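The next block holds one structure in the form of structure tokens; read it before the comments.
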2 protein chains.
Amino acid sequence: MNRRSIIRLSKYKNTLQRLKAMGFVKVFSDNLADALGIRSTQVRKDFSQFKITGNKRGGYIIDELLEKILRILGKTSIQRVVLVGIGNIGRALLHYKGFENEGIEIDSAFDINPDKQTGRDDISVYPMEQLVGYIQKEKIEVAVIAVPDIAAQRVFDLLLQAGIKGVLNFAPIRLRGPEQIPVTNVNLVLEIENLFCFVNAKKEE
Amino acid sequence: MNRRSIIRLSKYKNTLQRLKAMGFVKVFSDNLADALGIRSTQVRKDFSQFKITGNKRGGYIIDELLEKILRILGKTSIQRVVLVGIGNIGRALLHYKGFENEGIEIDSAFDINPDKQTGRDDISVYPMEQLVGYIQKEKIEVAVIAVPDIAAQRVFDLLLQAGIKGVLNFAPIRLRGPEQIPVTNVNLVLEIENLFCFVNAKKEE
DNA sequence: TTTATATTGTGAATAATATCACATAATAAA
DNA sequence: TTTATTATGTGATATTATTCACAATATAAA
């Protein structure tokens with residue numbers, strides 16, 4: 001199972017949810033390919049990998065397809081995460097509407113200063129000392145690291161100690177830890193630099 | 001020139017800047033490989049692609065290497081971007097310290113409601129009507145789209161009309177436009193879903 | 001000096017990913 | 001019914017990215 005097809009699976013899901021909301025019943029690999037800007041063979045190859053089958057000449061029934069994809073993505077129950085660090089990014093995440101709609105819930109937040117406000121009365125802020133215990137007690141599997149880079153590795157070590165299973169990291173450093181714990185990095189500076197580099201390269205062509 | 005090596009170039013830059021700050025003078029491809037969690041051949045292949053050469057048995061002089069990389073990344077002058085949309089994410093970006101340190105400047109912000117405050121007196125907010133004119137007058141090349149998904153394509157069209165050269169898009173939709181304008185998507189829901197999927201896959205192994 | 005050693009730079013091999021080509025089957029038309 | 005058409009599903013192929021293998025060479029040691 002490769003990473004890229006999982007990412008696409010999540011995109012198929014979005015497209016399918018929109019189509020469903022619009023009242024569509026069937027969809028062809030060609031439609032999904034258009035929506036994602038890829039080839040239809042890629043769509044079918046992806047489905048093939050995940051043992052998703054459609055109907056020869058009939059395409060796919062959106063409801064069935066969506067259900068299968070949601071199961072593969074583990075979207076059968078609420079996906080709870082903890083947020084570590086209530087700075088600019090942490091606060092933005094706390095107010096971001098996109099998560100709730102997709103069944104992702106920020107269960108609670110942690111900060112060295114637990115007096116920081118989340119601005120949401122349904123999400124409590126706990127001091128860092130309670131991070132490990134909370135994760136273990138509540139069986140949280142995924143954490144978001146939104147602390148300054150200097151603190152990120154320390155937080156990651158705590159999370160590992162607590163038995164976390166996956167991490168989304170906003171700090172611009174590579175977190176070191178066991179191979180089998182997936183860490184996804186979001187680095188905004190890097191993305192913008194990357195963009196400028198492409199823009200400059202285009203100019204010289 | 002492939003996208004992945006440019007991303008790595010940006011990471012090499014960070015590592016080199018840290019090493020320089022620590023007083024180091026030389027670096028080996030092996031050191032950089034360790035820092036990024038890749039192989040040293042990859043590092044050398046990347047450099048080779050960008051015509052960066054070192055010294056047989058002597059590694060690379062950090063100052064020289066850094067200078068070359070900064071030039072390739074177009075970091076010889078301030079990289080100005082405009083921000084479109086002052087919601088949660090937009091506001092987080094406005095307050096994010098990471099940009100300034102890396103020579104990236106949010107030049108100005110745009111929103112349908114120009115009364116929105118940036119919280120920074122050095123960054124003005126303009127109404128959406130002025131977006132196209134401003135970009136043209138100020139020769140802005142890169143824009144950040146941080147508006148709701150429903151408005152994203154419309155904003156992108158305006159940016160294209162203004163002659164934008166690259167876009168960082170936070171809206172969870174695929175923006176349609178000419179092939180040659182690079183669009184980088186940051187989709188937080190997708191990243192978290194992806195993570196959960198990996199976590200679940202690991203459990204079944 | 002000569003020899004040993006460490007590191008770069010790169011063509012070739014391998015691995016990962018995407019696309020093509022086409023057999024297969026379901027539906028619609030004749 | 002039979003034939004034509006339209007999608008799927010997948011083995012084969014092409015493309016892209018990474019790693020290997022090793023020649024070239026600079027430095028240090030003998």
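In what follows, every chain begins at residue 1, and chains take the letters A, B, ... in the order their sequences are listed. Everything numeric in this text was worked out from a predicted model, so none of it was measured.
- Every residue meeting the ring-ring contact (aromatic ring centres under 6.0 Å, His included) condition with B/Phe99, not counting sequence neighbours, appears here in chain and number order: B/Tyr96.
- A donor-acceptor pair under 3.5 Å is formed between the side chain of A/Thr118 and the backbone N or O of A/Ile123.
- Legend: residues meeting ring-ring contact (aromatic ring centres under 6.0 Å, His included) with B/Phe47, ordered by chain and number and at least two apart, are B/Tyr12, B/Tyr60.
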Taking only distance into account, with no hydrogens and no angle test, what donor-acceptor pairs under 3.5 Å do side-chain atoms of residues 182-189 of chain A form with protein atoms, sequence neighbours excluded?
from: A/Asn185; atom 1: OD1; to: A/Asn169; atom 2: ND2; distance (Å): 2.8
from: A/Asn187; atom 1: OD1; to: A/Val189; atom 2: N; distance (Å): 3.3
from: A/Asn187; atom 1: OD1; to: A/Leu190; atom 2: N; distance (Å): 3.1

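- Residue B/Arg3 places no side-chain N or O under 4.0 Å from the OP1 or OP2 atom of D/dA17.
- By the side chain to side chain donor-acceptor pair (under 3.5 Å) test, A/Arg8 is found to be paired with A/Asp46, residues two or more places apart in sequence or in another chain being considered.
- Taking a 4.0 Å limit (strictly below) on heavy-atom distances, residues 9-42 of chain A reaches DNA chain C at A/Arg39, A/Thr41, A/Gln42.
- A search for salt bridge (Lys or Arg N to Asp or Glu O under 4.0 Å) contacts involving B/Glu64 returns nothing, not counting sequence neighbours.
- Taking atom CD on B/Gln49 and atom P on D/dT16, their separation rounds to 13 Å, with Å as the unit.
- A straight line from NZ of A/Lys51 to P of D/dT8 spans 19 Å, rounded to a whole angstrom.
- Sorted by first and then second residue, the side-chain hydrogen bond (donor to acceptor under 3.5 Å, both in side chains) pairs involving residues 148-157 of chain B (not counting sequence neighbours) are A/Arg18-B/Asp149, B/Gln153-B/Asp157.
- Nucleotide D/dT15 holds its P atom 16 Å from the NZ atom of A/Lys45, rounded to whole Å.
- Rounding to the nearest 0.5 Å gives a distance of 10.0 Å between CG of B/Leu73 and CD of B/Glu102.
- Looking at heavy-atom distances under 4.0 Å, A/Ser5 makes no contact with the nucleic acid at all.
- Remark: B/Phe28 engages no residue in a ring-ring contact (aromatic ring centres under 6.0 Å, His included) (not counting sequence neighbours).
- The separation between B/Ile7 atom CD1 and D/dT18 atom P is 10 Å, rounded to whole Å.
- Across residues 56-71 of chain B, B/Lys56, B/Arg57 each have a non-hydrogen atom less than 4.0 Å from an atom of DNA chain D (numbered order).
- In this structure B/Lys20 satisfies the salt bridge (Lys or Arg N to Asp or Glu O under 4.0 Å) test together with B/Asp63, sequence neighbours excluded.
- Take B/Asp107 and apply the side chain to side chain donor-acceptor pair (under 3.5 Å) test, not counting sequence neighbours, and it matches B/Arg80, B/Tyr134.
- First and last contacting nucleotides of DNA chain C toward chain B (any atom under 4.0 angstrom from a heavy atom, 5' to 3' order): C/dT5 to C/dA12.
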